[in-house]
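Worth knowing before you read on, the calculation uses all heavy atoms, side chains too, and leaves out hydrogens, waters and symmetry mates. Along the sequence shown, the residues carry numbers beginning at 1.
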Amino acid sequence: MSVPEVHLILSIGLIEKDRNGDALWVWCYPSVTAELREILLRKCPLHQERPPPHSFLYGQHNRVWFYIAANQVEEVPVLDKITHFCVVLTAKDFNPEKYAALSRILSRIYMKQGSPVPMMESYLSVLTKGACSNEENGTFLCRDYDQRRAFLSSSVKEVVSQFGMETIILYTALMLKKRIVVFHPKLEALQEFTRALPAFVWHRQDWSIVHPYVHLIQVETITLQNCTVCLSCSGYVAGFTDPDVSNRLDLYDVYVNLAERNITVSQNAKEALALGKLHKDIGQMIVQLAEDPETSDNQIIKDINGKTREILSTLSSFAESSKEGEKPSINVELLRQKKFAPVTEQFLFQLAAAEQMLQT
């Protein structure tokens, strides 16, 4: 087990709901900031009048991923003063399946022992060894949860089945690192949909653009907007359960109403996201692949990535020589001399900027 993989996990925390109905942050190791603690309390489902017996959610804030597993307490003598609790994990990596499995083990430990100390021991074992185990709860191994598998765990086919040819809008927005906001009243639907979108730009393998669960409050929206400060991470995919986000035109270039299966391009982004023959051809390819029952999600991702590589190769052909290991730098005049259709030329210019391939 490599040291970097082991040290991806950052902290463990505990939120409890007492019999008065109050949800309180009761314990953490080693620590989280006051701002993050407030956000984690807001995200946990224990504020609901009737929290679900068991649930798991995840998201990120300021490049820290959080994973929250909620549990109902029934006839557990060591926890007789509470009705529910949440195990909260923070980490550097996106891997919901890994942290859901670890959360289940930690939750069972707390349910039996009623003390955070045995949980901390298992947490430290994972932190230092990449594993924890006992006879009752089985064995957890970090190496069983490959990062690539986490990237491939959602379905691009499902995305295409919902939006058909409009999927090309999402592909184009992702390629150009635009801001995509997704609304659905159910968090589970948001999580599944938003985590699928980065697979359409597999050449980047960047799931840090995904913010599956954002509240429409200032501290969270400002943090989201700060993602656009630098060019290398200027776009995002953000999920909201609040329908009022549709009125926040400052937050998105593309608005996806997942509940109604509708995609809207903001007025300010219409020119940048204009579609031409190139986009139509790619859209038709994506739809045809998704409609074929014999074609797997992995194969769809591979074929889309192949097309993306073709486009990037075309861009690179307009580059001047670059040093070894550096990205090619596009000669704008060479690109203009090719006399592509205006929409295609504009797309290539913007893509070159998104890929940091434009001469400065």
Side-chain angles (χ1 to χ4, degrees), residues 151-152 154 156-157 159-160 162-182 193-211 227-228 230-238 251-256 263-266 268-290 297 299-319 327-330 332 335 338 340-359:
F151 291 166
L152 294 170
S154 52
V156 295
K157 262 193 172 185
V159 174
V160 182
Q162 293 178 82
F163 291 101
M165 274 297 289
E166 283 195 309
T167 305
I168 191 57
I169 299 173
L170 299 175
Y171 172 82
T172 305
L174 290 161
M175 286 285 281
L176 301 183
K177 295 186 176 179
K178 298 301 182 183
R179 302 166 303 160
I180 301 173
V181 159
V182 185
F193 186 85
T194 56
R195 74 177 293 184
L197 295 189
F200 285 93
V201 282
W202 182 257
H203 67 291
R204 295 183 188 136
Q205 294 193 34
D206 182 11
W207 264 251
S208 70
I209 66 171
V210 179
H211 302 257
C227 293
T228 66
C230 64
L231 185 60
S232 63
C233 55
S234 56
Y236 54 70
V237 177
L251 292 179
Y252 63 84
D253 301 302
V254 175
Y255 176 70
V256 182
I263 296 177
T264 304
V265 178
S266 72
N268 291 336
K270 283 188 182 295
E271 183 177 351
L273 293 175
L275 304 178
K277 184 178 183 302
L278 173 65
H279 302 90
K280 181 181 178 181
D281 291 345
I282 297 171
Q284 288 177 337
M285 180 198 77
I286 293 172
V287 170
Q288 288 171 2
L289 286 169
D297 276 288
Q299 186 61 49
I300 294 172
I301 292 169
K302 183 177 180 181
D303 288 357
I304 293 172
N305 188 49
K307 188 63 179 178
T308 299
R309 294 289 183 187
E310 287 179 19
I311 296 170
L312 294 175
S313 178
T314 298
L315 264 185
S316 296
S317 69
F318 303 112
K327 281 193 173 184
S329 183
I330 303 302
V332 174
L335 179 54
K338 189 67 176 178
F340 287 108
V343 170
T344 301
E345 182 181 89
Q346 176 181 258
F347 171 70
L348 292 174
F349 274 132
Q350 291 186 89
L351 180 58
E355 295 289 333
Q356 297 177 282
M357 294 169 65
L358 275 184
Q359 289 180 349

Query raised in the report: Run the side-chain contact (heavy atoms from CB on, under 4.5 Å) check on Leu335 and Phe340 step by step: do they pass?
Result: CA-CA 8 Å; Leu335 179 54; Phe340 287 108; 3.7 Å; yes
Report task. State, with a plain yes or no, whether a side-chain heavy atom of Phe347 is found less than 4.5 Å away from one of Thr344. Result -> no
**Report entry** Residue pair Phe349, Val332: steps toward the side-chain contact (heavy atoms from CB on, under 4.5 Å) verdict
**Finding:** CA-CA 8 Å; Phe349 274 132; Val332 174; 3.4 Å; yes
Report task. Check whether any side-chain heavy atom of Val254 lies under 4.5 Å from a side-chain heavy atom of Ile263, and answer yes or no. Result -> yes
**Report entry** Minimum-distance pair of heavy atoms, taken over all atoms of Ala290 and Lys157
**Finding:** O-CE, 3.5 Å
Query - Whether Ser316 side chain and Leu312 backbone form a donor-acceptor pair below 3.5 Å - result: yes
Query raised in the report: Quick one: does Tyr171's side chain get under 4.5 Å of Val159's, heavy atoms only?
Result: no
Query raised in the report: Partners of Phe151 by ring pair (Phe, Tyr, Trp, His ring centres under 6.0 Å), sequence neighbours excluded?
Result: Trp207
**Report entry** Residues which pass side chain to side chain contact (heavy atoms under 4.5 Å, CB included) with Ala269, listed by chain and number, not counting sequence neighbours
**Finding:** Asp253, Val265, Ser266, Leu273
Query raised in the report: If you look at every heavy atom in Met285 and Asp303, which pair is closest and at what distance?
Result: CE-O, 4.1 Å
Query raised in the report: Sub-3.5 Å donor-acceptor pair from the side chain of Gln299 to the main-chain atoms of Leu289, do we have one?
Result: no
Query raised in the report: For Tyr255, which residues count as a side chain to side chain donor-acceptor pair (under 3.5 Å) partner, sequence neighbours excluded?
Result: none
Query - Candidate pair Ile311 and Leu348, rule side-chain contact (heavy atoms from CB on, under 4.5 Å), full reasoning - result: CA-CA 8 Å; Ile311 296 170; Leu348 292 174; 4.0 Å; yes
**Report entry** Test: Arg204 and Glu355 ion pair at under 4.0 Å
**Finding:** yes
Query - side-chain contact (heavy atoms from CB on, under 4.5 Å) partner of Tyr236, chosen from Val210, Leu251, Thr194, Ile180 - result: Leu251
**Report entry** Phe163 and Val256, any side-chain heavy atoms less than 4.5 Å apart
**Finding:** yes
Query raised in the report: With sequence neighbours excluded, what pairs up with Gln162 under the side chain to side chain contact (heavy atoms under 4.5 Å, CB included) test?
Result: Glu158, Phe193, Leu258, Arg261
**Report entry** Residues in salt bridge (Lys or Arg N to Asp or Glu O under 4.0 Å) contact with Asp281, at least two apart in sequence or another chain
**Finding:** Lys277
Report summary line: Rounding to 0.5 Å, atoms NE2 (His279) and CE (Met165) come to a distance of 11.0 Å
**Report entry** Glu166: partners by salt bridge (Lys or Arg N to Asp or Glu O under 4.0 Å), with sequence neighbours left out
**Finding:** none
Query raised in the report: Taking it one step at a time, do Tyr252 and Thr264 satisfy side-chain hydrogen bond (donor to acceptor under 3.5 Å, both in side chains)?
Result: CA-CA 10 Å; Tyr252 63 84; Thr264 304; over 6 Å; no
Report summary line: d(Leu275 CG, Ile169 CD1) to nearest 0.5 Å is 6.0 Å
Report task. Go through the steps for Leu315 and Ile330 under the test side-chain contact (heavy atoms from CB on, under 4.5 Å), then give the verdict. Result -> CA-CA 7 Å; Leu315 264 185; Ile330 303 302; 4.3 Å; yes
**Report entry** Side-chain touch Thr172/Ile282, heavy atoms, less than 4.5 angstrom
**Finding:** no
